[in-house]
Amino acid sequence: MSRVRSRLLPALATMLTLGTPGALAAQACLGQPSFALNHLQMTAGAAFDKESTSFGANLIGGSESVFGGVGIGGATFDNIEGSTLLVGGTAGFQVPLTSGSAQICPIVNAQFGFGPNNFDGLGTDFSSRAVSFGIAAGGELFKSDRVALIPSLSLAFAYNEGRYDSIGGLLTETNSYALAGAALGFVVSDKLAVRPSVSFPIGLEGADPVFGIGFALNYGGRR
């Protein structure tokens with residue numbers, strides 16, 4: 001079981017708070033549509049590494065200064081039966097830079113994972129929890145009347161805990177690590193966005209780069 005166990009926590013750790021699938025983010029700091037005109041955002045997406053796939057959807061509210069939201073998703077693993085239910089939340093604020101079209105955003109994320117259960121055939125159930133704090137920065141590389149191209153970079157420090165509950169007792173595994181990421185947002189009419197991304201775990205043994213694709217829709221016009 002140790003080999004299987006060693007693959008679960010690193011895989012979930014690199015997907016911290018649905019951040020890759022759903023891009024819980026706002027405005028230029030992560031290449032998403034701005035909250036200046038619309039105060040609600042729905043996102044969805046998927047992420048992949050060598051041995052796992054995750055997916056998620058999020059609902060986010062924000063203003064020109066702060067944002068926050070909740071998300072739900074799941075993850076599956078190659079050669080491991082069962083799946084993980086992921087729930088999480090995010091909060092942050094936006095700091096405009098002098099150019100006016102660039103931002104820095106401090107962001108905090110939290111995530112809880114449930115399952116897979118009996119993944120080893122011996123009655124062992126897995127659950128996890130994680131928290132991260134980091135900074136994302138981005139700015140408009142190109143903008144026309146209807147289309148904007150927004151690259152962004154991020155760096156976060158995270159803590160992840162996995163719990164293996166079996167008939168032999170409870171085993172806990174913890175990791176502290178960093179996540180570096182890059183994304184490129186294609187924003188249309190300040191409401192729609194497509195956002196490919198990649199993230200790299202730093203100091204997390206057994207973890208692979210994660211490639212993702214996210215979609216965002218802003219709605220709920222301001223009065």
Side-chain angles (χ1 to χ4, degrees), residues 1-25 29-30 45-56 58 71-92 105-116 119-120 124-137 152-166 170-184 195-214:
M1 187 187 76
S2 60
R3 185 178 66 86
V4 174
R5 187 179 67 215
S6 67
R7 292 164 52 188
L8 283 170
L9 193 58
L12 288 180
T14 57
M15 300 167 185
L16 183 58
T17 320
L18 311 180
T20 303
L24 294 178
C29 60
L30 282 181
F48 315 88
D49 67 11
K50 287 175 61 177
E51 297 182 333
S52 61
T53 300
S54 68
F55 48 90
N58 312 282
I72 186 169
T76 60
F77 311 90
D78 294 348
N79 303 317
I80 298 177
E81 293 187 4
S83 59
T84 295
L85 171 68
L86 299 171
V87 294
T90 192
C105 296
I107 303 172
V108 59
N109 292 314
Q111 174 180 281
F112 298 90
F114 306 93
F119 67 87
D120 57 358
T124 303
D125 297 336
F126 177 75
S127 62
S128 65
R129 56 187 179 181
V131 63
S132 74
F133 176 80
I135 294 179
S152 61
L153 298 172
S154 63
L155 179 64
F157 297 93
Y159 171 84
N160 187 285
E161 178 181 285
R163 298 165 64 89
Y164 305 86
D165 192 358
S166 69
L170 179 65
L171 176 65
T172 300
E173 179 185 0
T174 62
N175 282 309
S176 298
Y177 54 97
L179 281 171
L184 185 61
R195 182 179 179 270
S197 64
V198 60
S199 62
F200 300 91
I202 302 172
L204 184 59
E205 184 178 355
D208 299 306
V210 177
F211 299 91
I213 182 72

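Note that the structure is a prediction, hence the values are computed from the model and not measured.
- Nearest heavy atom pair, residue Pro116 against residue Thr84, reads CD-OG1, 3.3 Å.
- Side chain of Ser54 to main chain of Thr76: no donor-acceptor pair is present (N/O by atom type, distance under 3.5 Å, no hydrogens or angles).
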Original post:
Does the pair Asp165 and Leu171 meet the rule for a side chain to side chain contact (heavy atoms under 4.5 Å, CB included), with working shown?
Top reply: CA-CA 6 Å; Asp165 192 358; Leu171 176 65; over 6 Å; no
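- Applying the salt bridge (Lys or Arg N to Asp or Glu O under 4.0 Å) rule to pairs touching residues 105-115 yields nothing, sequence neighbours excluded.
- At a threshold of 4.5 Å between non-hydrogen side-chain atoms, the residues Val131 and Asn109 do not count as touching.
- The aromatic rings of Phe126 and Phe119 stand perpendicular to each other, their planes meeting at an angle above 60°, with 30° marking the opposite boundary.
- Summarising the geometry of Phe77 relative to Ser52, their closest heavy-atom pair is CD2-CB, 3.7 Å, with the distance given to 0.1 Å.
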Subject >> Check against side chain to side chain contact (heavy atoms under 4.5 Å, CB included), Val87 and Gln111 >> reply: CA-CA 6 Å; Val87 294; Gln111 174 180 281; over 6 Å; no
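- Contact between Pro209 and Asp49 at its shortest, heavy atoms only, is O-CB, 3.4 Å.
- Here OH of Tyr177 is found 12.5 Å from CZ of Phe157. Values are rounded to the nearest 0.5 Å.
- Taking the salt bridge (charged side-chain N to carboxylate O under 4.0 Å, His left out) definition, one finds that Glu161 meets it with Arg129, Arg163, sequence neighbours left out.
- In terms of heavy atoms, Ala130 sits closest to Asn160 at CB-ND2, 3.4 Å.
- For Ser152, the side-chain contact (heavy atoms from CB on, under 4.5 Å) partners at least two apart in sequence or on another chain are Leu30, Ala183, Arg195.
- The shortest side-chain heavy-atom distance between Leu179 and Phe200 does not fall under the 4.5 Å cut-off.
- Residues Tyr164 and Asp120 form no side-chain contact, since every pair of their non-hydrogen atoms from C-beta on lies 4.5 Å or further apart.
- For the residue pair Ser166 and Thr124, the shortest heavy atom distance occurs at CB-OG1, 3.4 Å.
- Atom CG of residue Leu155 and atom CD1 of residue Ile202 lie 6.0 Å apart, to the nearest 0.5 angstrom.
- Interatomic distance, Ser127 OG to Leu170 CG, rounded to the nearest 0.5 Å: 8.0 Å.
- With hydrogens and angles disregarded, no donor-acceptor distance shorter than 3.5 Å links the side chain of Thr53 to the backbone of Phe48.
- With rounding to the nearest 0.5 Å, the separation of CD1 in Ile135 from SG in Cys29 is 11.0 Å.
- One distance of note links OH of Tyr159 with OG of Ser132; it measures 14.0 Å at 0.5 Å rounding.
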